[in-house]
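Because the structure is a prediction, the values reported are computed rather than measured.
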Amino acid sequence: MFTRKLLGAPNMATTGTTKGARQFHPRHFILRANAAPEILAKWSNNLQALCEDTRLGIPAIVASNPRNHVTTDASVGLSVGVTAFSKWPEELGLAAMRDFALTRQFAEIASKEWRAAGLRKGYMYMADLATEPRWQRMEGAFGEDADLTSRMIQEIIVGFQGKNLGTQSVAMTTKHFPGGGPQVDGQDSHLGMDYPINKS
């Protein structure tokens, strides 16, 4: 998806959910569909029933990228785009408010929406620092200030997860690995170095 190179082996994306869950036994799904919350909840409930009906009955975890921001960008790995979930400023907008209580409130409200739709894991938010204006993922960062970014991430994680993971949590995977933000000339570490980038 990022390097546009062929995979070395087939993957589950070529099968349907039922066949995949029964034949390949995955229990972790990244949902990129932008459907109504009611449809997401029905799909998630059907997926859980399917998983419970297998030999070990291990439930599935359904993960997503952000779904609660005012955006027109539906770039893979950044956002699902405009959804039926509550709408809040994107990360730069949240950071610009410098209102940590409101940031926590945002995350708590979004967490309730996610859980109601069957989404229990978030691949979000980025702790990367926006230090290179040519970097395509600027909108997914909280700016260039490390202290502000750290505080924003803290409020969002506690808002989504709670202070401890439990039944009322949406588990969070903060992105990305150390040093994974903007690279030389604004390139992104997700892309292979031979990936063509417009340097104009």
Side-chain angles (χ1 to χ4, degrees), residues 1-69 71 73-86 107-128 137 140 153 156-180 188-192 195:
M1 167 172 69
F2 293 112
T3 64
R4 298 186 181 173
K5 294 178 182 175
L6 293 176
L7 298 173
N11 66 41
M12 202 196 95
T14 60
T15 70
T17 305
T18 301
K19 180 180 177 184
R22 291 201 171 157
Q23 184 175 340
F24 298 112
H25 313 290
R27 290 301 180 264
H28 190 270
F29 296 82
I30 302 174
L31 185 63
R32 301 199 192 277
N34 187 357
E38 178 183 4
I39 293 171
L40 295 178
K42 286 179 180 177
W43 178 83
S44 179
N45 288 340
N46 288 338
L47 173 63
Q48 297 301 348
L50 172 67
C51 291
E52 289 170 11
D53 193 40
T54 59
R55 184 175 66 86
L56 298 177
I58 299 170
I61 295 174
V62 182
S64 177
N65 287 111
R67 291 176 176 265
N68 291 82
H69 300 296
T71 180
D73 185 5
S75 299
V76 172
L78 290 177
S79 171
V80 179
V82 177
T83 70
F85 288 76
S86 64
E108 290 170 347
I109 290 169
S111 179
K112 289 177 186 174
E113 293 174 332
W114 280 51
R115 285 181 276 128
L119 302 170
R120 299 308 299 249
K121 180 161 177 50
Y123 282 123
M124 54 193 189
Y125 282 81
M126 294 192 336
D128 300 315
R137 297 174 72 107
I153 290 290
I156 286 177
I157 288 175
V158 174
F160 268 95
Q161 288 187 173
K163 294 193 178 179
N164 298 298
L165 283 173
T167 59
Q168 299 303 305
S169 297
V170 172
M172 301 290 283
T173 297
T174 303
K175 303 185 288 187
H176 291 97
F177 53 87
D188 191 273
S189 58
H190 284 80
L191 306 175
Y195 186 80

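- Relative ring orientation between Trp43 and Phe29 is described as perpendicular, the plane-to-plane angle rising above 60° on a 0-90° scale split at 30° and 60°.
- Between Arg22 and Asp53, some side-chain heavy-atom pair lies under the 4.5 Å cut-off.
- Put simply, the side chain of Arg137 reaches to within 4.5 Å of the side chain of Lys175, judged on heavy atoms.
- In plain terms, the two heavy atoms of Ile109 and Ser86 that are nearest each other are CG2-OG, 4.1 Å.
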Derivation and outcome, side-chain contact (heavy atoms from CB on, under 4.5 Å), residues Leu119 and Arg67: CA-CA 11 Å; Leu119 302 170; Arg67 291 176 176 265; 3.6 Å; yes

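- The nearest pair of heavy atoms linking Val170 to Ser111 is CG2-OG, 3.6 Å.
- The distance from the CG atom of Leu50 to the CG atom of Asn45 is 12.5 Å, given to the nearest 0.5 Å.
- With hydrogens and angles ignored, the 3.5 Å screen pairs a side-chain donor or acceptor of Gln48 with a backbone N or O of Ala60.
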From CA spacing to verdict: side-chain contact (heavy atoms from CB on, under 4.5 Å), Arg27, Leu56: CA-CA 11 Å; Arg27 290 301 180 264; Leu56 298 177; over 6 Å; no

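- The shortest non-hydrogen separation linking Gly122 to Trp114 is CA-CZ3, 3.9 Å.
- Sorted by first and then second residue, the pairs that involve residues 158-169 and meet side chain to side chain donor-acceptor pair (under 3.5 Å), not counting sequence neighbours, are Arg115-Gln168.
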Step-by-step salt bridge (charged side-chain N to carboxylate O under 4.0 Å, His left out) determination, Lys42 to Glu38: CA-CA 6 Å; Lys42 286 179 180 177; Glu38 178 183 4; 3.2 Å; yes

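- At least one side-chain heavy atom of Ile156 sits less than 4.5 Å from a side-chain heavy atom of Met172.
- Shown here for Ala117 and Ser44, the closest heavy-atom pair between the two residues is O-CB, 3.9 Å.
- For the pair Asn68 and Glu113, the minimum side-chain heavy-atom distance is below 4.5 Å.
- Defined by atom type and a distance below 3.5 Å, a donor-acceptor pair is missing between the side-chain atoms of Thr83 and Asn34.
- Rounding to the nearest 0.5 Å gives a distance of 14.0 Å between CZ of Arg120 and OG of Ser64.
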